[in-house]
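Presented below is the structure to which this report refers.
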Protein chains: 2
Amino acid sequence: MTLATMPAPGERLPIGDERAAVSAVFSPLYQQIKSLLVAALERGEWKPGEPIPSEQDLAARFQVSQGTVRKAIDDLAAENLLVRRQGKGTFVATHHEPRAQHRFLRIAPDDGEERATTSRFLECKRIKAPAETVAQLDLRAGDAVVYVRRLLFFGERPVVLDDLWLPGAAFKGLTAERLAEYRGPLYGLFETEFGTRMIRAEERLRAVAAVPGAAALLNVAPGTPLLQIERVSYTYGDRPVEVRRALGATDGFHYRNTLA
Amino acid sequence: MTLATMPAPGERLPIGDERAAVSAVFSPLYQQIKSLLVAALERGEWKPGEPIPSEQDLAARFQVSQGTVRKAIDDLAAENLLVRRQGKGTFVATHHEPRAQHRFLRIAPDDGEERATTSRFLECKRIKAPAETVAQLDLRAGDAVVYVRRLLFFGERPVVLDDLWLPGAAFKGLTAERLAEYRGPLYGLFETEFGTRMIRAEERLRAVAAVPGAAALLNVAPGTPLLQIERVSYTYGDRPVEVRRALGATDGFHYRNTLA
DNA sequence: CAGTGGTCTAGACCACGTG
DNA sequence: ACGTGGTCTAGACCACTGC
C-alpha cells in the first residue's frame with residue numbers, strides 16, 4: 001500500500017489528518033487537494049522536472065477519488081505548474097524547457113527565424129533596495145537586493161537590455177562569476193540554484209526614447225524609440241520575487257502577444 | 001422529449017445522424033461535440049448573450065452522456081466562447097460585457113483609475129485592399145476593404161490612434177454615420193450589426209517615433225516615442241476578420257500584460 | 001506486459017438563481 | 001419547488017510509454 005510509504009515530509013500527522021487539517025475550511029474538495037499539491041510543490045517535495053505520484057497514489061494519499069485528484073491536477077496543468085505526459089506521468093514544470101522560455105521571452109525577430117540567444121552580463125552587485133523596489137518586492141526598508149544588468153543577443157545583435165532586482169535574502173550566492181558560467185535561461189538558474197520558481201508575471205509596456213547609455217549598448221542612436229517592459233514576477237502564493245526592467249530595440253524585432 | 005423539438009436549423013438529418021455525420025473522423029467524442037457546438041455558434045443558432053440549451057438537453061440531442069457535453073463546454077468556456085453562470089445556464093459570450101472589453105483593450109492609465117473611453121471617428125471609406133492587407137485577411141487581389149480611422153480618448157485625453165481594415169464583403173453597410181451613432185465597443189458593433197464575432201487576436205508591439213500627423217492627433221511632439229500595436233483578429237475557425245494598427249501614447253498610460 | 005494519463009458513462013448530491 | 005451548473009464518486013475501457 002502506498003499510503004504508508006508516502007507521508008508528506010514535514011507532516012507529522014497520519015495521512016488521514018493531512019486532509020482533515022484543511023477540510024475545516026469550506027471549499028470544494030478538489031480545490032483543497034490543489035492547495036495541498038501546491039504546498040507540496042512549494043516545499044520541494046517534488047523538484048522541477050520530476051514526476052509527481054500517479055493519480056491513483058495521490059487519491060489514496062488524500063482519501064478521495066481519482067476523479068477529484070484529476071480535476072485538481074487539470075487546474076494546475078492549466079496554470080502551468082504541472083505538465084501532463086500521456087503514458088508517462090505528471091511532471092513538475094521547469095524553466096529548463098524550450099516551452100517555458102517561449103512563454104516568458106516575448107521578443108522575437110520579425111522574420112520568425114529561430115535565432116540562438118546569448119546573455120552578456122554587465123553587472124552584478126548587492127545594493128540597498130531602492131524605495132520603489134522595496135514596495136514591489138514586499139521588502140523592509142534597508143533590505144538588500146541583488147542588482148543584475150545583462151544584454152541579450154539574438155545571434156550577433158544586442159536586442160534587449162535587462163535590469164533586474166532580486167531579493168537579497170533568497171539570492172545570497174548570486175555573483176557575476178556564477179552568471180558568467182551559466183548557460184540557459186535565467187529563470188532556470190533561479191529555479192535550480194536558488195529554489196525560487198517563477199510562475200507568473202505582470203508587465204507594463206511603454207515606448208521610451210533611448211538614453212545615451214542604453215543606446216550605446218543596443219547599438220542604436222540616442223533618442224531612438226525603445227520598447228520598455230516593466231515586469232514583476234511571482235512565485236507560489238503570489239509572492240513577488242523579481243523586478244525587471246527591459247529596454248528592447250524593435251527594428252527587426254517585436255514583442256508578440258496573443259489575446260484570447 | 002427534447003430530442004424531436006431541437007433539430008439543428010439547416011440540418012435535414014435526424015438527430016442521430018448529426019453525430020454520425022462526424023463520427024467517421026477519429027477523435028475523442030467531446031471534441032466532436034465541441035466542433036458541433038462551434039458550428040452551431042458560427043451559424044448563429046444561439047446569438048451572443050443568449051443561453052445555449054442545458055447540458056441535459058445537449059446530451060440528449062447529441063446522444064452522449066452529460067459528462068461528455070460538460071467537458072466540451074468546459075473547453076469552450078476556457079476559450080471564452082461560452083460563459084457559464086451557475087444556476088442560470090451557459091451563455092454565448094459577447095463583446096457587450098465589460099469583461100470582454102478588458103480582454104481586448106490593453107492600454108490603461110498608470111494610476112489604475114477607471115476612466116470613460118470615447119471614440120472619435122476620423123474616417124471611414126471603402127478602398128481597394130492594400131497588398132499587405134490582402135495577404136493578412138486572406139482576400140483576393142482587388143477585393144475591397146473598409147478602412148476606418150478613429151481616435152480613442154480616456155476622459156479628455158486622446159491616447160490611441162487606430163487604423164482598421166475590414167473585409168469589404170462582410171462589412172458592407174459600415175459607414176461613418178453608423179459609427180458616429182454607435183456607443184460601445186467596436187467589436188460589439190461588429191458582432192451585433194455584422195454577425196462577425198471576434199474571438200482571438202495576435203499582436204506585434206514596437207516602439208516607433210510619432211510622425212507629424214499622428215503626433216498632432218495624439219497631442220504630442222513629432223518624434224515622440226509611441227507604442228505601435230499591429231493586430232490581426234480572428235473569428236471562428238481562425239479566419240482573419242480585421243487588421244488593426246494602433247499608435248498609443250504611453251506617458252501616463254501603458255499596455256498591460258500578464259504572462260502565465 | 002504493466003502502468004500511466006485520457007475518455008466516457010451513470011448516478012448522487014450540492015449550490016445557486018428564479019419563481 | 002424546480003432547473004441550472006458544480007462537485008464527487010466508481011468503474012470501464014482506450015491510448016500511449018517503456019520494459
Side-chain angles (χ1 to χ4, degrees), chain A residues 1-3 5-6 16 19-20 22-37 46 49-93, chain B residues 1-3 5-6 16 19-20 22-37 46 49-93:
Chain A
M1 184 47 139
T2 34
L3 272 184
T5 62
M6 309 202 66
R19 176 175 157 196
V22 288
S23 67
V25 183
F26 178 71
S27 70
L29 248 190
Y30 77 91
Q31 282 184 20
Q32 299 178 39
I33 303 300
K34 234 178 106 174
S35 302
L36 290 172
L37 290 173
W46 316 296
E50 292 179 2
I52 68 170
S54 74
E55 296 179 353
Q56 286 296 355
D57 287 353
L58 290 171
R61 165 165 164 179
F62 297 130
Q63 305 280 15
V64 299
S65 78
Q66 191 222 18
T68 299
V69 170
R70 164 170 289 270
K71 174 134 187 173
I73 292 179
D74 278 346
D75 272 23
L76 295 175
E79 292 168 22
N80 295 302
L81 298 197
L82 298 175
V83 178
R84 289 175 169 292
R85 288 198 238 283
Q86 178 163 169
K88 301 179 71 172
T90 300
F91 298 77
V92 181
Chain B
M1 182 49 138
T2 34
L3 273 184
T5 62
M6 309 202 66
R19 175 177 158 193
V22 288
S23 66
V25 183
F26 178 72
S27 72
L29 247 189
Y30 77 90
Q31 283 184 19
Q32 299 177 40
I33 303 300
K34 234 178 105 174
S35 302
L36 290 172
L37 290 173
W46 316 295
E50 292 180 1
I52 68 171
S54 75
E55 296 179 353
Q56 286 296 354
D57 288 353
L58 290 170
R61 164 165 165 180
F62 297 131
Q63 305 280 15
V64 299
S65 79
Q66 192 222 18
T68 300
V69 170
R70 165 170 289 271
K71 175 133 185 173
I73 292 179
D74 279 346
D75 272 22
L76 295 174
E79 294 168 20
N80 295 302
L81 298 197
L82 298 176
V83 179
R84 290 176 168 291
R85 288 198 237 283
Q86 177 163 169
K88 300 180 71 173
T90 300
F91 298 77
V92 181

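Each chain gets a letter, A, B and so on, in the order its sequence line appears, and its residues count up from 1.
- As rounded to whole Å, 12 Å separates atom P of C:dT7 from atom CG of B:D74.
- A:R84 places its CZ atom 18 Å from the P atom of D:dA15, with the value rounded to the nearest Å.
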Practice problem: Before giving the answer on side-chain contact (heavy atoms from CB on, under 4.5 Å), spell out for A:I73 and A:I52 the whole-Å C-alpha distance, their side-chain angles and the decisive distance to 0.1 Å. | Solution: CA-CA 10 Å; A:I73 292 179; A:I52 68 170; 4.1 Å; yes

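- What separates CD of A:Q66 from P of D:dT7 is a distance of 18 Å, to the nearest Å.
- Separating the OG atom in A:S54 from the CD atom in A:Q66 is a distance of 8.0 Å, to the nearest 0.5 Å.
- The bend of the helix from C:dC1-D:dG18 to C:dT18-D:dA1, defined by the angle between the axes of its first five and last five pairs, stands at 10° to the nearest 10°.
- What separates NZ of A:K71 from P of C:dT7 is a distance of 15 Å, to the nearest Å.
- Ranking D:dT7, C:dT7, D:dT9 by closeness to the A:Q31 side chain, first place goes to D:dT7.
- The CD1 atom of A:I33 sits 14 Å away from the P atom of D:dT7 (whole-angstrom rounding).
- Checking D:dT7, D:dG5, C:dC8 against every side-chain atom of B:S65, the shortest atom distance belongs to C:dC8.
- To the nearest angstrom, P of C:dG6 lies 5 Å from CZ of A:R70.
- Comparing C:dC8, C:dG5, D:dT7 against the side chain of B:L29 picks out C:dC8 as the nearest.
- In this structure, NZ on B:K71 lies 14.0 Å from CD on B:E55, to the nearest 0.5 angstrom.
- The CZ atom of B:R61 sits 15.0 Å away from the CD atom of B:Q56 when rounded to the nearest 0.5 Å.
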Practice problem: For the pair B:D74 and B:R84, evaluate side-chain contact (heavy atoms from CB on, under 4.5 Å) and give the outcome as yes or no after the intermediate values. | Solution: CA-CA 9 Å; B:D74 279 346; B:R84 290 176 168 291; 3.1 Å; yes

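- One can place CZ of A:F62 at 18 Å from C1' of D:dT7, the figure rounded to the nearest angstrom.
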Practice problem: Could you please spell out the steps behind the side-chain contact (heavy atoms from CB on, under 4.5 Å) verdict for B:T90 and B:W46? | Solution: CA-CA 11 Å; B:T90 300; B:W46 316 295; over 6 Å; no

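- The CD atom of A:Q63 sits 11 Å away from the P atom of D:dA10 (whole-angstrom rounding).
- One N or O on the side chain of A:Q32 and one on the backbone of A:S27 form a donor-acceptor pair closer than 3.5 Å.
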Using atom names, set out every protein N or O paired with an N or O of nucleotides 1-4 of chain C below 3.5 Å, distance rounded to 0.1 Å.
from  : atom 1 : to    : atom 2 : distance (Å)
C:dG3 : N2     : A:G87 : O      : 3.0

Quiz prompt | B:L58 and B:I33: CA distance, side-chain angles, deciding distance, side-chain contact (heavy atoms from CB on, under 4.5 Å) verdict | solution = CA-CA 9 Å; B:L58 290 170; B:I33 303 300; over 6 Å; no

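- The salt bridge (charged side-chain N to carboxylate O under 4.0 Å, His left out) test applied to B:R85 returns B:E97, not counting sequence neighbours.
- Residue B:T68 places none of its side-chain N or O atoms closer than 4.0 Å to OP1 or OP2 of C:dT7.
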